[in-house]
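Some notes on the structure that comes next.
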Amino acid sequence: MNRTFADRVGRVEPSATLAISNAAAELEADGVDVVDLSVGEPDFPTPENVVAAGKQALDDDHTGYTPSSGIPELKRAVAEKFADDGLSYDTDQIIVTPGGKQGLFETFMTLLDDDDEVVLLDPAWVSYEAMAKLAGADISRVDLTPHEFQLEPALEQLAATVTDDTTMLVVNSPSNPSGAVFSDAALEGVRDIAVDHDVTVVSDEIYQRIAYDEEPTSLGSLDGMANRTVTLNGFSKAYSMTGWRLGYVGMPGSMAEQAGKIHGHSVSCAVNFVQHAGVEALKNTDEPVVEMREAFRERRDMLLDLFADHGKEVPHPDGAFYMMLPVDEDDTAWCEGAIEEAHVATVPGSAFGTPGYARLSYAASEERLREGVARLAEHGYL
Ligand code: PMP
Ligand code: GLU
């Protein structure tokens, strides 16, 4: 069969993060012991109370479709959570999605036309570029690498990149893949630029609960941002619920009405009983969230020390559970070698727009992290 596919799929590559974790899983299936530091997925079980709420919802027959944008209890809980962050989305400005990724996808599809411009801050999570390209948009990039991945020192460059022709700017703090948490001054700088050029900002706050110092500020809470900020958040990372596929997005003005069309025509709704578990997660799960965050902090500190012992200075991450290890210029070859020879899986920085680094996810036990560093050192990768 000689089939021609749509241009749009030809514009994108498969997700590099998922591709490498699939490759690691294949090696493991062949009996190889891989230290998998590739995919961004907490290694803790979902908190017990959340699992119990999901089971109870099944027993209570919450198994049919729900209102497309989410069950009212969850949307109310999300609106309250947003209000705690200083964000004023009404329930009709919120869509509950199967994973945060779907919320982002609907956002890109709703806001972008062919040839519109999206500005990304590199390193940027792999799927922003793919979503922008699927929507037909063009991408401009601001490189944060010379500033140890911080945004504040790059504000001038951002101001020079964003113009009246820019439609969307994506900000992700705490950041995947760098672990950087942007300062309030940086976010205020973003606000000034966005207001000046009438740009919509997508604030991806999915790692909000994994920040080691101060609580990160929500961009949409800054003066002038309420009517131009899309806020994405979800359950995967904070509550270790990656496989439940649950996220939510707050949209300004009447945007949710428009995005809701894409939502309804594609996924109908998020899974019913999973949404009930989500209510429990938002309302009663603070303690496990803090415990997981503290475990991530200890691992970060341990890893930074281990790398320093090998003479490797890693830009200090303040959140998420990632760090960017400086490696060879050809980071793809480095990562391929590391998985083949040392059996340590990492993601090349070039997948995020910043060659010369490998992203490590430290959502793994201290023992496995030590093992990973030892193997990298033994095979000459440090
Ligand atoms: N944003 C970022 C920056 C991420 O790393 C992820 C991880 N997959 C997501 C959004 C979406 O996560 P999920 O679909 O699991 O909610
Ligand atoms: N966001 C995670 C990562 O970057 C999960 C995989 C994905 O969705 O890309 O590894």
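Indexing begins at 1, ligand by ligand and atom by atom, following the structure's order. Quick note: residue numbers are just sequence positions, from 1.
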What are the polar N/O contacts of ligand 2 with the protein below 3.5 Å, with distances?
residue, atom, partner, partner atom, Å
ligand 2, 1 (N), Trp125, NE1, 3.4
ligand 2, 1 (N), Lys237, NZ, 3.4
ligand 2, 4 (O), Trp125, NE1, 3.3
ligand 2, 4 (O), Asn176, ND2, 2.9
ligand 2, 4 (O), Arg359, NH1, 2.9
ligand 2, 8 (O), Lys101, NZ, 2.8
ligand 2, 9 (O), Thr17, OG1, 2.7
ligand 2, 9 (O), Trp125, NE1, 3.2
ligand 2, 10 (O), Gly40, N, 2.7
ligand 2, 10 (O), Arg359, NH2, 2.8

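Every N/O-N/O distance between Tyr322 and ligand 1 stays at or above 3.5 Å. Polar contact check, Arg245 against ligand 1: a nitrogen or oxygen pair lies under 3.5 Å apart. Looking at ligand 1, you won't find any N or O of Thr242 less than 3.5 Å from one of its N or O atoms.
Across Tyr248, Trp125, Trp244, Tyr207, heavy-atom proximity to atom 9 (C) of ligand 1 is greatest for Trp125. Considering each of Ser236, Gly243, Gly100, the one bringing a non-hydrogen atom nearest atom 15 (O) of ligand 1 is Ser236. Of the options Ile206, Leu232, Asn176, the smallest heavy-atom separation from atom 12 (O) of ligand 1 is shown by Ile206.
Relative orientation of the His276 and His62 rings is parallel, given thresholds of 30° and 60° on the angle between their planes. Using bins of under 30°, 30° to 60° and over 60° for the plane-to-plane angle, the ring pair Phe321/Tyr207 lands in the perpendicular bin.
In the vicinity of Asn172, heavy-atom distances shorter than 4.0 Å reach the ligand 1 atoms 3 (C). Shown in contact with Gly99 at under 4.0 Å from a heavy atom are these atoms of ligand 1, numbered in order with element: 14 (O), 16 (O).
Protein heavy atom at the shortest distance from atom 7 (C) of ligand 1 is Lys237 NZ, 2.9 Å. The protein heavy-atom contact nearest to atom 3 (C) of ligand 1 is Asp204 OD2, 3.3 Å. Scanning all protein heavy atoms for the shortest distance to atom 11 (C) of ligand 1 gives Lys101 N, 3.7 Å.
At least one side-chain heavy atom of Ile139 sits under 4.5 Å from a side-chain heavy atom of Arg141.
Only side-chain heavy atoms of Tyr128 come within less than 4.0 Å of ligand 1; its backbone N, CA, C and O stay farther off. Residue contacts with ligand 1, taken as heavy atom pairs separated by less than 4.0 Å, do not involve Gln102 at all.
One finds no salt bridge joining Asp204 and Lys101 here, because no Lys/Arg side-chain nitrogen approaches an Asp/Glu carboxylate oxygen to under 4.0 Å. Looking at Glu294 and Arg297, a side-chain N of the basic residue comes within less than 4.0 Å of a carboxylate O on the acidic one, giving a salt bridge. A salt bridge is absent between Arg11 and Asp7: the closest approach of a Lys/Arg side-chain nitrogen to an acidic carboxylate oxygen does not fall below 4.0 angstrom. Salt bridge status for Arg228 with Asp198: present, with a side-chain N to carboxylate O gap under 4.0 Å. Remark: Glu371 engages Arg375 in a salt bridge, criterion side-chain N to carboxylate O under 4.0 Å. Using a cutoff of 4.0 Å between basic side-chain nitrogens and carboxylate oxygens, Asp60 and Lys55 are not scored as salt-bridged.
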Show me the side-chain donor-acceptor pairs of residues 310-317 shorter than 3.5 Å, one per line, residues at least two apart or across chains.
residue, atom, partner, partner atom, Å
His310, ND1, Leu306, O, 3.1
Lys312, NZ, Pro326, O, 2.6
His316, NE2, Arg300, NH1, 3.4

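For the residue pair Asp143 and Gln157, no side-chain donor N or O sits within less than 3.5 Å of a side-chain acceptor on the partner.
Using a distance-only test at 3.5 Å, with no hydrogens or angles considered, a donor-acceptor pair links the side chain of Ser15 to the main chain of Leu18.
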